[in-house]
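Just so it is clear: chains get the letters A, B, ... in the order the sequence lines come, proteins before strands, and each one is counted from 1.
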Amino acid sequence: MVVKGLEVAVVAVTKTMKKNHELAKVLAAASCALIGSLSTAHAEESWDVDSAFLLYSESDGRVSAAEPVISATKNYDSETRLNVKLVADTLTGASANGATPSDEAQTFTSPSGNGTYTAAVGDQPLDDTFRDTRVALSSNWNAPINRDWAYGVGGYVSKEHDYQSLGVSSSVSRYLNQKNTTLTLGLGAANDTINPEGGVPTGLFQVPESASSSEFAQRDDSESKSIMDAVFGLTQVVNRNTIMQFNYSINTSSGYLTDPYKILSVIDDDSTGNNYGGNYTVNNRNLYLYEKRPDSRLKQSLYWQTKHQFDNNDILDVSYRYMFDDWGITSHTIDAKYRFRFDHQYLEPQLRWYSQSKADFYHRYLDSSAYTEVDFASADYRLGDLDTYTIGLRYGYQFADETEFYTRFSLYHQESSGDDGYGKLTSQELYPGLDAAMLMIGYKF
Amino acid sequence: MSKHFMLMGVIGITFLITGCSEMGVKAWERDVLAQQEMSLINEPVESSLNDHVYFSKEASSGGQGFGGGGCGCN
């Protein structure tokens, strides 16, 4: 976030400059930017607040979320600012547990071990005990060091009933070529603690029938992971109407990276039996295993963004990200926005396309003849082959007192794919899509 | 492998900076880029809400800024 803030600082030599401003003001503002310190009428020590509310709703009664956010920025001058942001979100609904649908009704032990939930014949197994509330507080400080250098520091804390996260970040930027080029190095570190409902399950172990089982007795209450981030960024002014950014980032996570609530089905692969492709049973119970992921992950990404303003004042914003990691996942993301600007209003259509290839240890299910041989396995569709699409429209109205009302509506679609199994499994829908609608309403003052 | 990648990165960035010195504008030509709408992240609240959704639904995160985190949703 600090990096983001600094990039804003590079071009935000004055807060708002309407096209009808006199040339003298333009020149004055630009000259001030050159010497690196500027105090415009808007850069007085006042708080700028952006408050918004997001409603997120998935189809088929899956997850829905309500997320209010308030972000307040105090501008000491054009390059010195303090931002404080508070976000809350409430999630309810049902989440895919990873097991495959079946030609028989399936009963699952709830994460706490104190109850069960069922999936009817042919239905996606969804854990409907899923609900959570999260509160996150973050703060960033950005300031110049001298005319060629700037820095930022930040921190955040977030809390859910089963998850806590604490992070710090810092960045330093160097301006070159009369501030047409900015090099930024950002570093971040975070430490997360998870204390799952029912304790930390044993990876690749059979999901027990209830909390009275011995597996529950040996569980730890919590696990943790640590995350390190480094971002190296280059921002370049191309011409009077165009700015471009390239980032290389590297992110390492180590510790407990498994999702304690996700499981895998073991499927009977004995093609001579009459249960071929059905749930494999042990002691007359369907065999479901807790998932297990490696305890480290190294992600790298390349990011390119360009913003261009046309002669009619409309703005095109395009970005591309290529990400790859040592779990075998690679992904491509293209995001494009076009802002039609009118006197006091704007309309911004948005499109996003995302495509990822699966992790090496992703398996939609495990085979009964081989499940004991895997070191890691997850059926979490978010680690599988996945394509997603977002289409959105944002509208904003700017009042004479420079406050702004805005709203955004978007639709999000996911398509998963993978191998279709064998025997009875082939008649099941193993890769259901997902649709979500998002509505955001906000006010800046 | 990653050393080669780093080396290529360093060489690439050197070229970019050299090339970049030819680009840019004079201080008095910054009127357009100075608009808040032209900052690279001009709607930080919307960006963070979107990042949060994508972080919890996809295997990738970050790129524009830090890789995200701080939530048990992934």
Apply side-chain contact (heavy atoms from CB on, under 4.5 Å) to A/Val237 and B/Glu29, showing your working.
-> CA-CA 11 Å; A/Val237 172; B/Glu29 295 175 316; over 6 Å; no

When every non-hydrogen atom of B/Gly62 is compared with those of A/Arg321, the smallest separation belongs to O-NH1, 2.7 Å

Highest number of heavy-atom pairs under 4.5 Å with chain B among A/Asp89, A/Ile315, A/Leu434 belongs to A/Ile315

Any donor-acceptor N or O pair under 3.5 Å, side chains B/Gln64, A/Gln305 = yes

Judged by modelled atom types alone, do B/Ser61 and A/Lys299 share a side-chain donor-acceptor pair under 3.5 Å?
-> yes

Please flag which part of A/Tyr322 lies under 4.5 Å from any non-hydrogen atom of chain B: side chain, backbone, both or neither.
-> neither

Does NZ or CZ of A/Arg352 come closer than 6.0 Å to the centre of the six-membered ring of B/Tyr54, within 45° of the ring's axis?
-> yes

Counting only heavy atoms not in A/Met244, do more than 12 fall under 6.0 Å of its CE?
-> yes

What residue in A/Glu67, A/Lys307, A/Met438, A/Met440 has the most heavy-atom pairs under 4.5 Å with chain B?
-> A/Lys307

Minimum heavy-atom separation for B/Gly63 to A/Ser249, with atom names?
-> CA-OG, 3.8 Å

Using the salt bridge (charged side-chain N to carboxylate O under 4.0 Å, His left out) rule, take A/Arg382 and B/Glu58 through it: C-alpha gap first, then chi angles, then the decisive distance, then the call.
-> CA-CA 5 Å; A/Arg382 297 171 299 182; B/Glu58 298 168 356; over 6 Å; no

Shortest non-hydrogen contact from A/Val69 to B/Leu49?
-> CG1-CD1, 4.0 Å

Quick one: does A/Gln309's side chain have a donor or acceptor within less than 3.5 Å of a partner on B/Glu37's backbone?
-> no

Note: A/Tyr354 and B/Ala59 closest approach over all heavy atoms is OH-N, 3.6 Å

Do A/Arg240 and B/Lys26 pass the side-chain contact (heavy atoms from CB on, under 4.5 Å) test, and can you show the C-alpha distance, the side-chain angles, and the key distance before you say yes or no?
-> CA-CA 9 Å; A/Arg240 192 172 177 169; B/Lys26 300 296 183 193; over 6 Å; no

Mind checking whether A/Tyr412 and B/Asn50 have side chains closer than 4.5 Å, heavy atoms only?
-> no

When A/Leu298, A/Asn239, A/Asp317 are compared by non-hydrogen pairs under 4.5 Å with chain B, the top option = A/Asn239

Do B/Glu43 and A/Arg394 have side chains that get closer than 4.5 Å, going by heavy atoms?
-> yes

